[in-house]
Every structure is written in structure tokens, then in C-alpha cells.
Amino acid sequence: MNCIEITNLSVNYDNQLALKNVNLTIDSGQMIAIIGQNGSGKSTLIKAILGLIPAQFEKVLFFGQQLAQVRSQVTYIPQRESIDWDFPISVYEVVEMGRLNPNKWWKKTGQMDKQLIHEALEKVGMLSEASKQIGELSGGQQQRVFLARALVQNTSLLIMDEPFSGVDIRSQKVIFDVLTELKNAGKTILIVHHDLSTVAAHFDHVIVLKNELLAFGETEKVFQSTIIEKAFGIPLNLSKND
Amino acid sequence: MIDDLSILYLFIGISFISVTSGVIGVFNFLQKKALVGDAVAHAVLPGIIIAYLLSGVRVSWILLLGAVIAGFLTLSVITLLLKHSKLKQDSVIALVMISFFAFGLSLLSYVQLQPTLSQAGLSDFLFGKVTSLTENDLDLFIFICSLLLIVIRLFFKRIIAIVFDSTFMRFKGYSMVKWTFFLNLITIIIVAIGIQAVGVVLMSALLILPVTTAKQLTNKRFNLMVWTIFFSISSAIIGTFISLNSSQLPTGPLISMVLCCGLFITVSLKWFISKTQANG
């Protein structure tokens, strides 16, 4: 089934074209990287399809429906840079946010929610840190907590914006392991990614952006020097020797 | 006997106002909008006086209504200016606060000069005077504060979540327009009530100082609320006590000074402890 279907999506930022005529159809059960230079529209693309910034489009469908109808099947992990790390909120409380439901405002978090939060924290290896204030953690640990917040929503589609920036090797491995497990369970994972050295090893498909769709397809076909050079303007060494 | 009871009731009323301000101040503080409450407090002065001039009576709920309308007008003007002018947020807040407050002061001077109007004691709104509050005022204020506290308790986790990570909550389907309106509304209501006790000039102290002091002591959500409520109640009671026992001293400055002392002591203690720990 089509997980995401985008037809003729364009985004303008301050009268500048940030994205032009993007057409994409993404199948379920894949792990997909969105790559491109800074300012190539990577984050813009996901924010636009999630309705977080104004955009023009013919169609943006998730599982064949409007986002509003299938919101409970989609989760999103924003970039971490906008977070106030001094905020008085604990690891557990951050993950608990994932269980809040705007349509059930009267509902308190119950036993099942607690169970899910517990499991998610355990899966990302953060259970022992549950009562810590979020700012006490390292960047990688923080990202694992946000992944746990996504896990408790138990969605079919997971969209992440630069989840690996400022993340240590160990956390990166934990996150990739959890994501691979999700993919094997049939979930779709769409990631704005900046680290080209990990693309070939972890992603099935790649979307290459340069304010328009340069290429989209299976990693071995798309992730090639000619396309990457076109996207980044410089030749890149894609061999995995570093 | 009756006197003692009404004084007890006064303390209860002030504590309610102070705690509600402190709790709502937590949200303003965490949104880094500490000055917005100050702007609203100053800017509601003309609203109160116009409400009095139009109705001709000094009745709490009418003045309250005037204050709430002026409060919304203030925030709308701030939002409009931020959107359509190139001014920075702090300049916009200062500009709006000064113009509304200046207008309010002019109106106040006019009222003071009219022999028929000057009896209402509207100048109490500048610095606050708890003894001018009647039992009916206190009934109304305690009722509204209880209502606000119940609603906040109900939505507490959601409000904190929205302040912490609005992008995520917006994505989850929470309407930021509605929630911003809600947060503005509770700020305006508590300001409209609070100024009748502590005055427009120092209302922001009640909003901001308890949470600022509490934040020195803890970074946990629950503890932060407990400390905020503790500082709110204790300063309200001490400040009001001194105010009642001195014939002329207004309540607002006294409560604010108690809060400032609390903050000063907390910051000093924290500095001292970190210093001794570093040395030991």
C-alpha cells in the first residue's frame, strides 16, 4: 500500500521557492533517507506534508487519506535544536507526551499508557534515567528519549528530522537497531539525514533534494557519485572507509 | 470576633489570588514571556477606569470585565505590531505597555479631579490595597481563582507539553490558536483580579517571582509547582500581615519585597552551597 503520496507540492519561504513541484509515492515497510545540502528543502518537505508550514499541493495523502483522518498512524520527531533543555520536565514526562490525545482531553494516562512508556524506555535503554531531567542527558540519550516518545504512539509511519545530529556512536547504534526492528515489523520510516556515510548501510531508499526532487529510488541505484555531486555541488567519496 | 473572621477571610482570599498568579506565572515564565504579564497588568488600567466611568459604580465584576477587555486589546495590539511592523518583541511590549498605562494614568488623574468620582478610590489600583476589598469582592475572586486552578489542574500535563514542545503537540493535532488563547485568557483574568489586591505596578511580581525563586531550587515539574505555591502563599501572608499592621503601607510593594527577599536568599544560598561544594 502507498504510505505517502505527494502530488505537485511547492513551498515558498519569503517569496523564495524552497521546494518546487515535488511528486513522490512512498511504499510501506521501508526506511527512507532524505538527503541534500543545507537549505535544499529537506526539513521543509516533511514539515510541509505534515501541515506544519504553509504549502501548495494537489495532493498529500497518508495511507490514501488526509493526515487529519490518520493522525494516530503517523508520528514525527522534530529537530532537537528548538528545545529548551533547562525545562523542568523529566525523561518519563517527555515520553508521556506521546500518549496525550487531543480528542480525549479529559483522559488521564492509565495503566496501559504506563506499561507502554515503560516498554519504550526499556527498548531505547533509558529506563534507568526515567526520573532525570531531560537536560541532564547527553545529546544521544535525549534523542533516544524522543524516539521512545514516538514508540509509545505505536504508529505505522515514523518521520524524523535529523535524528542523528549531535548523537554519539552508541546512541546511533541503539536508534538504528530500534528503527530496523520497526521496519521489519512492516513500519515505514522517513528520515531527514545529513550523514552520507551511513546511508548505504541503513536505508533501502533515498530521496535526493535540491529545492526540487533530484532523484528517488533504491539506494544502490540513486546513491551514486553523479547524483550526489549534482546535489551537493562537490564530488564525494562514497566508499565506507571512514 | 467578626473582625477576626473577616481578616482570616482576607488572608485566604489573598492566598488564593497569589497562588493562582504564581501557578499561571509558571507557564509565562517557561514560555519566556515573563514581561507579557507585566504589560497586560499596566495596560488594563484604562480598561478599569473606563468601566468605572461607564457604569458609575465601583463593583468588582464590572471593573474585572473592563480589565479583561483591555487585556485582550493589549495582546491583540502586541500581536498585530509583531506581525506587521519590524519592531522587536521587547520594543513592542514596552511601547504598548507605556501607551496604555499613560492613557490610564491620564484618565485616573481626570477621575481624581472630579469631586463626584474621586470617592471611588481608584488610585488603589496603582499599588494595591487589600483593606479596600469587600467580602463580596473576595467571594468573587476566590470563586474565579478556584475555577482557574481546577481548569489548570485538569489540563496541566497538556499545557506543560505544549509549552515544552509546541511543534510536536501541533503535529499531534493540538490547535495552537486555541491553546494560546487559553493561556492568554487565564493570564488576563488573574491579572485583572490580582491588580485589585496588589496593584498594576507590581502585579508581575506575583506572576514571575515565585516561579523564578522555585526554579533556583529544582528542575522537576512537580517540585517546581510545590515551591512556587509555597513562595506565593508565604509572601502573600507575610506581605498582607505587615500591610495590615501598618496604617499606610500598600500591599503590593510589601508582597513584592517579601518575594524579592525570598529570591535573594535563595540565590545567595545556592551560590554559597555551590561555592562550599567546589572547595570541599
Side-chain angles (χ1 to χ4, degrees), chain A residues 43 46-47 49-53 66-72 74-109 113 131-136 142 145-146 149-150 152-153 155 157 159-161, chain B residues 22-23 25-34 83 86 150-183 210-229 231 270:
Chain A
S43 296
I46 58 174
K47 283 183 190 154
I49 62 172
L50 293 175
L52 295 170
I53 52 172
Q66 304 281 341
L67 178 63
Q69 265 114 43
V70 285
R71 213 181 265 285
S72 61
V74 186
T75 189
Y76 165 56
I77 304 184
Q79 267 181 49
R80 290 184 311 126
E81 60 192 23
S82 58
I83 299 286
D84 168 14
W85 297 112
D86 198 30
F87 200 94
I89 193 165
S90 74
V91 168
Y92 183 92
E93 288 157 355
V94 171
V95 181
E96 195 180 26
M97 284 172 70
R99 297 300 304 166
L100 297 177
N101 184 339
N103 300 320
K104 296 182 179 160
W105 55 265
W106 63 90
K107 222 182 124 230
K108 283 190 164 186
T109 38
D113 298 310
S131 60
K132 277 198 180 157
Q133 193 262 342
I134 185 76
E136 290 175 42
Q142 285 162 354
V145 173
F146 286 108
R149 183 175 74 179
V152 296
Q153 297 171 73
T155 57
L157 169 63
I159 300 177
M160 307 170 88
D161 199 347
Chain B
V23 168
V26 171
F27 307 136
N28 293 339
F29 175 85
L30 291 176
Q31 288 183 95
K32 309 206 180 339
K33 283 184 176 170
K83 209 168 168 185
K86 288 213 163 96
I150 291 169
V151 172
I152 289 167
R153 179 66 197 88
L154 221 55
F155 292 138
F156 183 67
K157 275 183 187 169
R158 284 167 176 77
I159 302 173
I160 290 286
I162 282 162
V163 175
F164 173 64
D165 192 348
S166 61
T167 316
F168 176 75
M169 295 299 275
R170 199 149 66 93
F171 162 74
K172 281 212 76 176
Y174 285 87
S175 155
M176 285 308 118
V177 177
K178 282 186 203 160
W179 283 92
T180 309
F181 176 81
F182 170 73
L183 286 171
V211 58
T212 310
T213 316
K215 191 74 170 55
Q216 304 298 316
L217 298 171
T218 180
N219 228 344
K220 294 214 182 302
R221 191 173 71 180
F222 179 76
N223 296 354
L224 186 77
M225 299 317 289
V226 173
W227 280 112
T228 300
I229 290 169
F231 287 120
K270 204 179 163 193

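Chain naming here is simple, since letters A, B, ... match the order of the sequence lines and numbering starts at 1 in each. Quick caveat: nothing in here was measured; it's all calculated off a predicted structure. Reckoned from all heavy atoms, side chains included, excluding hydrogens, waters and symmetry mates.
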Heavy-atom pairs under 4.5 Å with chain B, option from A:G51, A:S90, A:G98, A:A68 with the top count: A:G98
Contact leader toward chain B among A:D86, A:L50, A:V94, where contacts are heavy-atom pairs under 4.5 Å: A:D86
Heavy-atom contact with chain B under 4.5 Å, split by part of A:T75: both
Portion of A:R99 that has a non-hydrogen atom of chain B nearer than 4.5 angstrom: backbone
Aromatic plane relationship, B:F164 with A:F146 - under 30° parallel, 30 to 60° tilted, over 60° perpendicular: parallel
Results of side chain to side chain donor-acceptor pair (under 3.5 Å) for B:T228 - residues two or more places apart only: none
Sequence neighbours excluded - salt bridge (charged side-chain N to carboxylate O under 4.0 Å, His left out) pairs with any residue from residues 161-182 of chain B: A:R149-B:D165
From [atom1] ([X]) to [atom2] ([Y]), nearest 0.5 Å:
X      : Y      : atom1 : atom2 : result
B:N219 : A:I134 : CG    : CD1   : 11.5 Å
A:L100 : B:I160 : CG    : CD1   : 11.5 Å
A:I46  : B:F171 : CD1   : CZ    : 10.0 Å

Intermediate values then yes/no, side-chain contact (heavy atoms from CB on, under 4.5 Å), B:F168 and A:I77: CA-CA 7 Å; B:F168 176 75; A:I77 304 184; over 6 Å; no
Shortest non-hydrogen contact between B:K220 and A:P88, atoms and distance: C-CB, 4.2 Å
B:L224, part contacting chain A, at a heavy-atom distance under 4.5 Å: side chain
Interchain contact, B:V26 with chain A, by part (heavy-atom threshold 4.5 Å): neither
Under 3.5 Å donor-acceptor, B:R158 side chain and A:P102 backbone: no
